[in-house]
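Owing to the predicted nature of the structure, the values given are computational and were not obtained by experimental measurement. Order of the sequence lines sets the chain letters (A, B, ...), proteins ahead of strands, with each chain counted from 1.
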There are 2 protein chains.
Amino acid sequence: MTYQPKLTALADPTRRAILERLRHGAMPVGKLAAGFDVTRPAVSQHLRILQEAGLVRSRREGTHNFYSVDAAGLDELRRYLDQFWTDALAAFRAESERAATPRAHSPGRSVRARKGKKHGKR
Amino acid sequence: MTYQPKLTALADPTRRAILERLRHGAMPVGKLAAGFDVTRPAVSQHLRILQEAGLVRSRREGTHNFYSVDAAGLDELRRYLDQFWTDALAAFRAESERAATPRAHSPGRSVRARKGKKHGKR
DNA sequence: TGGGTTGGTAAGTCATGGCTTAAGGTTAGT
DNA sequence: ACTAACCTTAAGCCATGACTTACCAACCCA
């Protein structure tokens with residue numbers, strides 16, 4: 001549901017690199033930006049997107065702005081994939097079983113191509 | 001390492017919708033496309049991207065092309081997030097501890113932000 | 001062999017978003 | 001208060017990619 005911003009955030013390589021750098025602890029923007037080939041404003045913008053996605057959090061300390069990974073936000077996405085994976089695996093097993101059951105009908109055509117579809121149109 | 005295509009694939013809402021529809025079992029392209037407000041060629045293109053990312057697999061059966069979720073590919077991503085999450089959580093705990101320990105070394109050394117300009121153009 | 005399905009490919013259009021430079025806004029030090 | 005450091009916001013440029021229509025290839029069944 002709210003996975004959209006998280007996934008879009010993770011799709012960008014620079015943002016993933018940022019997360020990798022924050023992976024083991026908080027860091028101010030300047031230090032963070034020093035490791036990249038993009039300018040600091042660009043990093044700032046990425047951090048904004050990451051924060052709105054709930055993947056990082058920020059904490060002010062003087063003029064420094066420390067960013068760190070938001071484990072809770074990551075966990076949401078983690079659970080989503082977990083569940084999705086579980087379902088997909090179950091579906092795969094079910095299908096394998098059906099294919100591995102030879103007695104019933106020959107493997108010639110296990111598919112009953114139902115037609116007469118009412119196209120959902122656009 | 002190879003997460004880029006998977007994450008880019010998941011970032012698109014239509015592609016996620018496709019995966020959701022395949023979540024509980026395989027389906028031919030036509031039937032799949034019938035549920036969307038985009039044309040079948042668009043769905044075909046999305047499926048190609050999903051397949052190259054290792055998130056779906058296809059199986060031909062006559063003129064029908066059945067697509068299904070590739071649990072193994074999903075698992076890769078799942079593990080990645082899992083690990084990332086673990087690290088981030090550990091970092092968070094470590095930081096909390098440090099903050100909760102009033103004694104010992106003071107936070108004076110927080111940032112040694114010494115320059116570090118060198119922008120690598122682009 | 002020809003017609004009717006089913007699905008992928010090609011070419012072109014248009015919006016999205018990631019980057020840059022320039023400017024604004026806080027905070028700390030002297 | 002002035003100055004310097006740190007970071008964010010604004011405005012604009014340009015490549016990427018998600019869609020469309022049109023076309024083509026493979027397969028099944030009479």
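At the phosphate of D:dT8, OP1 or OP2 sits under 4.0 Å from a side-chain N or O atom of A:Y67. Here A:N65 reaches the OP1 or OP2 of D:dT8: one of its side-chain N or O atoms lies under 4.0 Å away. Contact between the side-chain N/O atoms of A:R60 and the OP1/OP2 oxygens of D:dC6 is not found at any separation under 4.0 Å. Within the 4.0 Å cut-off from OP1 or OP2 of C:dT26, not a single side-chain nitrogen or oxygen of A:T63 is found.
Among the nucleotides C:dT21, C:dG8, D:dC7, the one closest to the side chain of B:P41 is C:dG8.
Following rounding to the nearest Å, A:E61 (CD) and D:dC7 (P) show an atom-to-atom distance of 11 Å. Rounded to an integer number of Å, the gap from A:F36 CZ to C:dG18 C1' is 14 Å. One interatomic measurement links the two molecules: CZ of B:F66 to C1' of D:dA26, which rounds to 16 Å at whole-angstrom precision. One can place CG of A:D12 at 12 Å from C1' of D:dT16, the figure rounded to the nearest angstrom. Note: NE2 (A:H64) to P (C:dG29) measures 11 Å, nearest angstrom. C:dT16 atom C1' lies 17 Å from atom CG of A:L7, rounded to whole Å. The distance from atom CG of B:L32 to atom P of C:dT5 is 21 Å, rounded to the nearest whole Å. Rounded to an integer number of Å, the gap from A:R59 CZ to D:dT8 P is 14 Å.
Between A:G73 and A:K6 the shortest heavy-atom distance is O-CE, 3.0 Å. Across every non-hydrogen atom of A:Y3 and A:E76, the tightest pair is CE2-O, 4.0 Å.
Salt bridge A:R78/A:D75: present, at least one basic N to carboxylate O contact under 4.0 Å. Remark: A:R16 does not engage A:D12 in a salt bridge, criterion side-chain N to carboxylate O under 4.0 Å.
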Fill in: Worked verdict on A:L22 versus A:S68 for side-chain contact (heavy atoms from CB on, under 4.5 Å)
CA-CA 6 Å; A:L22 295 179; A:S68 55; 5.8 Å; no

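At a threshold of 4.0 angstrom between heavy atoms, the contacts of B:P28 are confined to the sugar-phosphate backbone, with no base atom among them.
Checking each of A:H46, A:Q45, A:E20 against A:R15 for a side-chain hydrogen bond (donor to acceptor under 3.5 Å, both in side chains) leaves exactly one that passes, namely A:H46.
Using a 4.0 Å cutoff on non-hydrogen atoms, the parts of residues 42-54 of chain B near DNA chain D are B:A42, B:Q45, B:H46, B:I49, ordered by number.
No side-chain donor-acceptor contact under 3.5 Å links A:E52 to the backbone of A:P5.
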